[in-house]
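Take a look at the structure below.
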2 protein chains.
Amino acid sequence: MNEQELSLTEENYLKIIYKLEMEHKGEVTTNAIADLTNTKAASVSDMLKRLSQKVLVNYIKYQGVTLTPEGRKKALMVIRKHRLWEVFLVDQRGYSLEADHEIAEQLEHIESLQLVDQLEKVLGYPPVDPHGDPIPNAKGEMPNKKQIFLKDMQINQKGQIMGVKDTSPLFLKYLDKIGIGIGTEFEIIDRVEYDQSVELNISGRLTIISKEVAQNLFTIE
Amino acid sequence: MNEQELSLTEENYLKIIYKLEMEHKGEVTTNAIADLTNTKAASVSDMLKRLSQKVLVNYIKYQGVTLTPEGRKKALMVIRKHRLWEVFLVDQRGYSLEADHEIAEQLEHIESLQLVDQLEKVLGYPPVDPHGDPIPNAKGEMPNKKQIFLKDMQINQKGQIMGVKDTSPLFLKYLDKIGIGIGTEFEIIDRVEYDQSVELNISGRLTIISKEVAQNLFTIE
DNA sequence: ATAATTGTTTAGATGAACCTAAATTAGTAA
DNA sequence: TTACTAATTTAGGTTCATCTAAACAATTAT
Ligand SMILES: [Mn+2]
Ligand SMILES: [Mn+2]
Ligand SMILES: [Mn+2]
Ligand SMILES: [Mn+2]
């Protein structure tokens, strides 16, 4: 009595409920969902009833919703697909972080167990997507990875750029110029007291990045 | 008054009408469409009215449909996407020709001008998909490429394997074993009168393939 | 405690995409 | 020609996902 096919719409609802649940740590409100789905509260009520019927959410009138274990798993699978496609688009296709998300929003609904797992393998089991958000594993579990900004790293620590916080074209273009991208390996050489800029060793060369830049680059774990 | 968004369903109908139009060279019948879409004739009538409204098909009651120029273009763009994704899946992901088609059936509906064109570029502007069917260009025109089977090639002719006719796992596994795949470059060395087997030069090495194999491998143009 | 406000649900509709059953049309056979 | 048959369309329903307007519940202010 498992493996029900979900519609694209249902998947989007579950994903959004998951996100809101994480943010506010608790029941998710009808209006909040309506906002993120670009629909009206009435439509959300409707959908919540349907999702409840399918035992994907716990829904009590006037009290908001939470995901059931099954619903959470479904949500995480969608998120997994979304993020793996994002890595693919950005890493392998040179997509911008902007355009990226929109297409991933569509690709996340492609159903094929095989394809996602294969994608993950080809991409080298990335722990996070290009925005630095962790990628759930094939069992539908969210790993507990945390972003660590270069700004906060110790001297002599090594790492690999896993994402950026600021995704403006201006910033991304600058990164490109100084030869920093996702996957770039580095070592923290020193921090300049005067202006909080950070000295990095990037493949043997000394690169200095400002405090602002160091606040927007992160690695994982 | 152009660029209308088509639903996934509408796209599938257009694609199927295109195929039937090519096969039977002329008006396409309601029942034929119903068969290929796994729906009933009544549903097809419904849809034809809608597509007609949008000027994507020429529809006269009881007389079948044809695509309008706009409809044909839309159909070809879907086919273009389908086939490029197929090349991607088979060439770059090692997908089987079977599984391939099912997923391409979904991926063909991802909308992004950018992504398709980029995909095409990364794949090296393949003229045909792994089944040997030609890939429409970015303008929505179907090129007039033709498959030429190794069986029918002249001695000394060179080429590149562009696809296979038999897509059974047995055959594909065998090809793999003898080191032949899509993209493999070859030269026809000789044809053995006795059993019609063909001698190939593949990167300097002599490879002999049977008549059966030569009937199932083709190159283009 | 009562009233006002805000959030949420129900009622009643709509459009897309489908269905079954009944009517209609076109083409063929008598 | 007229009747029969096969293909097609219309009529009337269903489900999903949406909407607006009206009703109702919960919370907050007086
Ligand atoms: Mn995203
Ligand atoms: Mn989505
Ligand atoms: Mn195909
Ligand atoms: Mn399709």
Side-chain angles (χ1 to χ4, degrees), chain A residues 3-17 20-21 23-24 26-67 71 74-75 78 105-106 108-109 111, chain B residues 3-17 20-21 23-24 26-67 71 74-75 78 105-106 108-109 111:
Chain A
E3 283 327 305
Q4 11 181 5
E5 293 292 287
L6 297 190
S7 72
L8 183 148
T9 315
E10 290 171 320
E11 289 193 344
N12 282 337
Y13 270 90
L14 290 179
K15 201 182 63 171
I16 279 166
I17 295 169
L20 290 170
E21 216 179 28
E23 278 173 31
H24 314 311
E27 265 97 31
V28 174
T29 193
T30 301
N31 271 341
I33 299 171
D35 283 355
L36 295 213
T37 48
N38 290 310
T39 59
K40 296 299 153 64
S43 311
V44 174
S45 278
D46 246 32
M47 178 57 91
L48 292 183
K49 262 182 266 175
R50 265 176 282 149
L51 291 175
S52 182
Q53 208 97 60
K54 298 190 178 185
V55 203
L56 296 164
V57 299
N58 307 114
Y59 173 52
I60 306 169
K61 279 206 251 184
Y62 294 102
Q63 313 227 122
V65 266
T66 54
L67 294 169
K74 288 275 156 66
V78 177
E105 204 60 43
Q106 298 177 60
E108 72 190 0
H109 304 289
E111 50 168 320
Chain B
E3 282 329 305
Q4 13 180 2
E5 293 292 289
L6 296 191
S7 72
L8 183 147
T9 316
E10 289 171 322
E11 289 194 343
N12 282 337
Y13 270 91
L14 290 178
K15 201 182 61 169
I16 278 165
I17 294 169
L20 289 170
E21 217 180 28
E23 279 172 31
H24 313 312
E27 264 98 30
V28 174
T29 193
T30 301
N31 272 341
I33 299 171
D35 283 355
L36 294 213
T37 47
N38 290 308
T39 59
K40 297 298 151 67
S43 312
V44 174
S45 279
D46 243 33
M47 178 58 91
L48 292 182
K49 262 182 266 173
R50 264 175 282 150
L51 291 175
S52 183
Q53 208 99 59
K54 298 190 179 185
V55 202
L56 295 164
V57 299
N58 307 114
Y59 173 52
I60 306 169
K61 280 206 250 184
Y62 294 102
Q63 312 227 124
V65 265
T66 54
L67 292 170
K74 286 277 157 68
V78 177
E105 204 59 45
Q106 298 177 59
E108 72 190 358
H109 305 289
E111 51 168 319

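In what follows, chains are A, B, ... by sequence order, proteins preceding strands, each numbered from 1. Quick note: numbers below take in every heavy atom, side chains included, and nothing from hydrogens, waters or symmetry partners.
In this structure, A/Leu14 atom CG and D/dA17 atom P are separated by 11 Å, rounded to whole Å. Rounded to an integer number of Å, the gap from CG of A/Leu51 to C1' of D/dC16 is 12 Å. Here C/dA26 presents its C1' atom at 14 Å from CD of B/Glu27, a figure rounded to the nearest Å. Following rounding to the nearest Å, B/Tyr13 (OH) and C/dC18 (C1') show an atom-to-atom distance of 8 Å. Between the CD1 atom of B/Ile33 and the P atom of C/dC18 there is a distance of 12 Å, given to the nearest Å. The separation between A/Lys40 atom NZ and D/dA17 atom C1' is 14 Å, rounded to whole Å.
For B/Asp35, the side-chain contact (heavy atoms from CB on, under 4.5 Å) criterion is met by no residue, not counting sequence neighbours.
When atom types are taken as modelled, the side chain of B/Glu27 and the backbone of B/Gln63 share no donor-acceptor pair closer than 3.5 angstrom. Of the possible donor and acceptor atoms, one in the side chain of B/Glu21 sits under 3.5 Å from a partner among the backbone N and O of B/Leu67.
At a threshold of 4.5 Å between non-hydrogen side-chain atoms, the residues A/Leu20 and A/Leu36 count as touching. Proximity of B/Thr39 to B/Tyr13: side-chain heavy atoms (C-beta onward) are separated by under 4.5 Å at one or more points.
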(message) Does the protein touch nucleotides 5-16 of chain C at the base, only the backbone, or not at all? Give it as B, S and - per nucleotide, heavy atoms under 4.0 Å.
(response) --BBBB-----S
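In summary, B/Lys54 and B/Glu10 engage in a salt bridge, as defined by a charged side-chain N under 4.0 Å from a carboxylate O.
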